[in-house]
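Values below: all heavy atoms of this structure, side chains included; hydrogens, waters and symmetry mates excluded. Because the structure is predicted, anything quoted here is derived from the model rather than measured. One-based numbering, in listed order, for ligands and for the atoms of each.
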Amino acid sequence: MGKNKRKGGLGGLAQFALAAFANTASTPGVEELSTATAEESSVMQQKLEKASISQRYYATGLVPHYEDEADVPEAIQKYFSQRYRMFSLYSEPPGCLLDDEGWFSVTPELIANQIAERCRCDTILDAFCGVGGNAIAFAQTCSRVIALDTSPTRLRLARHNAEIYGVADRIEFILGDYLSFAKSLTDRPQPNQTRRVDVVFLSPPWGGPSYLGAPGGDKDDEEHPCYTLQSILPIPGEELFNVTKKMTNNIAYYLPRNTDLDEISALAPEESIEVEEEWMGSKLKALTCYFGGLAGGQEHLF
Ligand code: MGP
Ligand code: SAH
């Protein structure tokens with residue numbers, strides 16, 4: 001895991017802060033505060049404020065946090081059994097949160113870390129942030145992360161999960177449509193470059209958990225049909241790529257493992273594209289395609 005990960009303590013600290021603010025007269029922590037030096041008091045105060053802010057952004061109760069398999073709806077049991085692969089801090093209080101779409105689309109942590117290492121830069125745009133699997137990893141390798149999603153619920157869950165990892169203050173969460181956001185940046189380039197984006201990460205909806213059997217692609221192989229970029233949402237995958245290319249050449253595109261490789265090559269016929277297979281043990285999970293300066297041997301394009 002990344003170097004900035006904060007393990008443990010946050011939930012406890014938040015509880016302590018709440019108790020301290022709720023009942024100053026009888027809380028032992030506050031007594032300690034009053035007998036501390038000015039410097040110690042200031043440090044303690046900062047910790048309390050930080051914990052209180054974290055607490056404010058927790059989304060506990062918005063969706064269930066499952067710990068017991070018996071409580072998990074059947075449709076997400078397969079994903080629940082992989083919960084620590086998705087978030088190694090899944091059970092860290094107050095517990096990572098995912099909604100149904102989050103469960104089936106979150107990028108597993110080790111894969112997200114690998115992608116974040118490859119995308120190391122100043123400003124990265126996570127165009128489809130979901131419940132934050134990638135945004136949390138980017139916050140550990142990039143100076144600034146802009147995380148967009150059209151779902152207010154998933155954006156709140158992403159912020160909640162980022163708080164657990166101690167990286168929420170390095171992510172700008174924006175509720176909005178990526179296509180409008182991209183248009184606003186490319187139509188009106190900022191003269192002072194304050195919103196320059198170095199890398200865009202695309203992990204759009206693939207059309208639901210049944211993407212492996214989606215129609216299209218190689219009809220000769222009925223068991224494993226190729227996935228066609230036409231099935232990407234909210235617009236076909238090729239169009240999504242072209243919209244993004246107006247912003248930057250440095251694009252990482254997270255795609256189904258059965259994506260038609262000819263379609264990927266056709267996205268940028270004039271350059272090299274690096275296709276990374278994301279394996280977990282003996283299981284191929286997805287492909288990440290690196291374009292522009294992110295592709296090996298093309299660093300000069302960055
Ligand atoms: P999967 O094939 O649904 O899971 O998704 P798994 O465990 O390999 O199941 P199996 O039945 O094939 O054995 C594999 C990976 O793809 C997940 O870990 C997610 O990271 C990613 N993923 C799946 N979906 C449906 C989406 C999606 O719609 N969008 C994005 N961005 N990622 C997805
Ligand atoms: N990488 C994410 C998963 C992304 S799933 C993770 O690791 O958690 C795809 C997300 O795209 C969903 O949360 C969905 O709400 C969002 N989305 C769909 N259409 C969008 C749009 N037009 N603009 C921004 N986000 C969108």
Worked verdict on H65 versus T60 for side-chain contact (heavy atoms from CB on, under 4.5 Å):
CA-CA 8 Å; H65 169 80; T60 309; over 6 Å; no

Determine, for [X] against [Y], whether the closest basic-nitrogen to carboxylate-oxygen distance falls under 4.0 angstrom.
| X | Y | value |
| --- | --- | --- |
| E278 | R257 | no |
| R144 | D122 | no |
| E277 | K285 | no |

Quick one: look at [X] and ligand 1, take heavy-atom pairs under 4.0 Å, and tell me if it's side chain, backbone, both or neither.
| X | answer |
| --- | --- |
| L212 | side chain |
| Q82 | side chain |
| S203 | both |

Taking atom types as modelled, is there a side-chain donor on [X] or [Y] under 3.5 Å from an acceptor on the other?
| X | Y | result |
| --- | --- | --- |
| Y254 | E276 | no |
| T244 | Y253 | no |
| N134 | T107 | yes |

Whether Y165 and F87 hold their rings parallel, tilted or perpendicular, with breakpoints at 30° and 60°
tilted

Nearest protein heavy-atom contact for [atom]: which residue, which atom, what distance?
| atom | answer |
| --- | --- |
| atom 22 (N) of ligand 1 | W206 CZ3, 3.2 Å |
| atom 14 (C) of ligand 1 | K285 O, 3.5 Å |
| atom 12 (O) of ligand 1 | R257 NH2, 2.6 Å |
| atom 13 (O) of ligand 1 | K283 NZ, 2.3 Å |

Check whether any side-chain heavy atom of P73 sits under 4.5 Å from a side-chain heavy atom of Y66, and report yes or no.
yes

C129 side chain reached by L155 side chain, heavy atoms, under 4.5 Å
yes

My understanding is that only residues two or more places apart in sequence, or in another chain, count here; which of them pass salt bridge (Lys or Arg N to Asp or Glu O under 4.0 Å) with E67?
none

N/O separation below 3.5 Å, V106 to ligand 1:
yes

Just jot down the ligand 1 atoms closer than 4.0 angstrom to any heavy atom of [X], in number order.
| X | value |
| --- | --- |
| G208 | 25 (C) |
| P108 | 18 (O), 20 (O) |
| T107 | 20 (O) |
| K78 | 9 (O), 10 (P), 11 (O) |

Can you check which of P204, G130, S81 brings a heavy atom nearest to atom 29 (N) of ligand 1?
P204

Selection from Y79, Y211, F104 by shortest heavy-atom distance to atom 2 (O) of ligand 1
Y211

Under the side-chain contact (heavy atoms from CB on, under 4.5 Å) test, which residues partner S105, sequence neighbours left out?
E101

One pair per line, please: each N/O atom of ligand 2 matched with every protein N/O atom under 3.5 Å away, atom names first, then the distance to 0.1 Å.
residue, atom, partner, partner atom, Å
ligand 2, 1 (N), N134, OD1, 2.8
ligand 2, 1 (N), S203, OG, 2.8
ligand 2, 7 (O), T107, N, 3.0
ligand 2, 7 (O), G133, N, 3.4
ligand 2, 7 (O), N134, OD1, 3.2
ligand 2, 8 (O), C129, O, 3.4
ligand 2, 8 (O), V131, N, 3.2
ligand 2, 8 (O), G132, N, 3.4
ligand 2, 8 (O), G133, N, 3.3
ligand 2, 13 (O), D149, OD1, 3.4
ligand 2, 13 (O), D149, OD2, 2.8
ligand 2, 13 (O), R154, NE, 2.7
ligand 2, 15 (O), D149, OD1, 2.6
ligand 2, 15 (O), R154, NE, 3.4
ligand 2, 15 (O), R154, NH2, 3.0
ligand 2, 22 (N), D177, OD1, 2.7
ligand 2, 23 (N), Y178, N, 2.9

Residues at least two apart in sequence or cross-chain that pass ring pair (Phe, Tyr, Trp, His ring centres under 6.0 Å) with F173, listed by chain then number, are none

